[in-house]
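Everything quoted here is computed from the prediction, not taken from an experiment.
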Amino acid sequence: MMNGSTGRRHGGSGRVRAASAALCLFAGALTATAAGASPAAALTPPVSITADDLTTWQTNGIVWSMAATAGVVYAGGTFSTVRPPDAAAGTSEQPAVNFAAFDAATGAPTGCNLSFTLSSGTATVRALALSPDGETLYAGGQFGAVNGVGVSNIAAVDTATCTPRQDFKISVSATVRALDVTADTVYLAGDFNSVGGQTRNKFAAVTTGADLLPWTANADEVARAVQVTPDGQHVALGGDFFTVNGTTSHALAVVDATTGALTKSYPGFIPNTSTVQDLTTDATGLYTANEGTGGGVFDGRIAIDLDDYQQRWRDTCLGATQAVLVHSGVLYSGSHAHDCASMGGFPDQPRKHLLAQSVDDPTLLPWFPDTNDGIGEPVGPRVMAQTDKGGHHYLWVGGEFTTVNGAGQQGLTRFADGPDTGAPWVPNVSLSTVAPGRIDVNWQTSFDTDDGELTYRIYKDGASTPVHTVTGYSLFWDRPQLKWTDTDVAVGETHSYRITASDGTNTSAKSPAQSATVAASTQAYPARVLSDGASLYWRYDEGTSTFAADTTGGMNNGFLRNSPAYRQTPAAIAGDSTAIGFDGATEYAYSNKLHPQPTRFSVETWIRTTTTRGGRIIGFGNLTMQNSTRFDKHVYMANDGRLVFGVSSGGRRTVTTTGAYNDGAWHHVVATQGTGGMRLYVDGQLRASNLLFTGSESYPGYWRVGGDNLSNWANRPTSNFFAGQIDETAVYPTALSASQVSAHYALRTGE
């Protein structure tokens, strides 16, 4: 991990504003290297916080708000107790009625005990903010008393004595959801329509002595965020609203800090289906956290330049964002993001609840600690705060989660700038010996939760010194294949290889030893596939892993999902090692790379099955971790064993064999589309064709083998997934000719 500069320690709405935004570079994806080459150095990400969670006390409910200063973190929410790390719910609990204070460096309570209560109904603390000098903590929410002292949804606490201030009393008619504080003014946002007996719709401002100010920024719907700009001249507003002071401005607006007059409106800037849940700033930018419901939602983050209040960037991740915080040039966020494909991030993975981005670019940085959704609505993280103590930076996260990084932890967690204790995943390795005089060592790059660029060391024949060292960049959804060719070998020799991955501090265990014997001659079948221009070629000779190595120079490795059966014999080709088996229920493989629509293509594979449930053998789809919503360019088997080749071209167009191929024997299947239309070959012979359709549906997608959606296709089988063995899968950017197809089939016996 790289250390960054110290961020400002207190800010509005329980979120922390950095004192300055460091200009930072973002890490771009590093393409896989050709054999023997060193990859270009990945840009060092500016993330200074590790993904390793620290031991922290827990709550028995939801943490909605936090504020932090001078090494103390204040947490408010809807809970009644706190308990030590690792303590199960209901054990070792101490009373903490909707509020607790913690030592930032130890994660333990400080002894500052306040009780926020309500005479009827459920009390909650929804907002916490510190005065710039740190001497007063302001709290907002739905409560009627603090330590028995009567208040009305807002209170001020002397931080030195941890007691409510008796001189700060003003009536707020409904829940306060956000606060921000300057030296002389407290800004409120929430559900209320009156403050101090006067009309104030959703936003208001009072003095630090609790006198209502004439500042007016009336909104028509709930207010959820309020943030003073660093120069103190303006206030950014966020929420559900559609108008501010009668002017159309949905979910976001900027007003004058003295009068409340509208400075910048945002009609149509955020979809009507979305809201702003949180705001934060640094020296140059305003950052929004957005949540949407229904179709056409916007759930991601927006960066806005403070000099003109125009958009700097926005991301388009799906999965509502609840909290944003800037520290050392990085925008950290809490959400339940589940699809960031439209901005080059993970396509359709399970939810990721904590993300990081450069303040200058929305590209996701390699920082992926995680929580679960938890209790309540649920969405997981709800709030973030940052403070320093003992020379370390601490990032605290609160919410409704009940696990952190896979282990039980409720309501609160924290991270720091060190130590970095998490090692990268052990690399997945595959060896290839297509030609004599060489062994190709292929591996799937690893994943580390807080480092994108990793260093790989290859160990040969049990040696303690690596024979090759190289770096590569990877993220959990993008793990490119790397390759090194060992030419210091002789025909007939057998050599073994192991690989480690290191983030510079932590090193993975060595991968299990893989062995290969140097070939005496070129293997005819794979050599012909490569010479005919395959752009993807999976041979399925790996052991137990998630990796299907690509034998071509394109390094388009496959992810194997749900543990298909490895090393199945006999293989389809004489002299080949093994095939792979799919269960017809959940198992499949998909390409690491996202591809544009192929205008012409060939797909080739070998199959062996006795299934009567059919299934998709190979095809193109827009998703990887679930069934695709756009899918064609595929070959599938009907229940009766016939093979179908289909593309979308002004409708769903298919050609179907007359014969069945579920007889338990190996069969060679090739489907092509180009200027000659659609052609389906089986065992070297053209079995079905249609010359009319030369195009297919245009969308970016992934090549998938073993299963995907087949909804509404002709002769749809019982199963979307293929039950049987598959071997020697190849994809070409051209339409193979009939003579090429027959030549491939003829090489099945190694002729």
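Ring planes of F559 and Y590: parallel class, angle under 30° (limits at 30 and 60°). Ring geometry, F99 versus F116: the interplanar angle falls from 30° to 60°, so the pair is classed tilted.
Looking at heavy atoms from C-beta onward, N153 lies out of side-chain contact with T175 at the 4.5 angstrom threshold. Side-chain contact check for Q409 versus D86: every heavy-atom pair is 4.5 Å or farther apart. Taking the side chain as every heavy atom from C-beta outward, H353 and F401 never approach each other to under 4.5 Å. For the pair D373 and H336, the minimum side-chain heavy-atom distance is below 4.5 Å. Under the 4.5 Å side-chain criterion, counting only non-hydrogen atoms from C-beta, D307 is not in contact with T284. With a 4.5 Å cut-off on side-chain heavy atoms, T316 and C340 do not count as touching.
Distance alone, capped at 3.5 Å, is enough to place a donor-acceptor pair between the T159 side chain and the G134 backbone.
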- Query: Passes side chain to side chain contact (heavy atoms under 4.5 Å, CB included), T387 versus V72? Steps please.
  - Reply: CA-CA 8 Å; T387 188; V72 177; over 6 Å; no
- Show the numbers, then the answer: is there a salt bridge (Lys or Arg N to Asp or Glu O under 4.0 Å) between D191 and K202? CA-CA 5 Å; D191 301 3; K202 318 307 180 190; over 6 Å; no
- Message: Apply side-chain hydrogen bond (donor to acceptor under 3.5 Å, both in side chains) to residues D299 and N290 and explain how you reach the verdict.
- Response: CA-CA 5 Å; D299 280 342; N290 303 273; over 6 Å; no
- Message: With salt bridge (Lys or Arg N to Asp or Glu O under 4.0 Å) as the criterion, how do D103 and K389 come out once you've worked through the C-alpha distance, each side chain's angles and the decisive distance to 0.1 Å?
- Response: CA-CA 9 Å; D103 185 297; K389 188 170 184 180; 2.5 Å; yes
- Task: Could you walk me through whether N98 and T78 pass the side-chain hydrogen bond (donor to acceptor under 3.5 Å, both in side chains) test, one step at a time?
- Result: CA-CA 5 Å; N98 301 313; T78 311; 5.1 Å; no
- Message: Applying salt bridge (Lys or Arg N to Asp or Glu O under 4.0 Å) to R224 and D278, what does each step give before you reach the verdict?
- Response: CA-CA 7 Å; R224 299 185 183 276; D278 191 21; over 6 Å; no
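Taking the six-membered ring for Trp and the full ring otherwise, the centers of F346 and F476 sit less than 6.0 Å from each other. Aromatic pair Y394/F415: ring centres not closer than 6.0 Å. Proximity of the aromatic rings of H234 and Y309 is defined here by a centroid distance below 6.0 angstrom, and this criterion is met.
Cation-pi geometry between K264 and F269 is not met at under 6.0 angstrom from the ring centre and within 45 degrees of the axis. Relative to the ring axis of F447, R479 does not place its NZ or CZ within 45° and under 6.0 Å from the centre. Both tests do not hold together for R382 against W64: distance to the six-membered ring centre under 6.0 Å, angle to the ring axis within 45°. Remark: R414 fails to qualify as a cation-pi partner of F102 under the 6.0 Å distance and 45° angle criteria applied to the six-membered ring.
Defined by atom type and a distance below 3.5 Å, a donor-acceptor pair is present between the side-chain atoms of D315 and Q357.
Distance check: T363 OG1 to D361 CG gives 3.5 Å after rounding to the nearest 0.5 Å.
The minimum heavy-atom distance between V359 and D282, with the atom names listed, is CG1-OD2, 3.8 Å. Taking each heavy atom of N60 and F79 in turn, the nearest pair found is OD1-CB, 3.3 Å.
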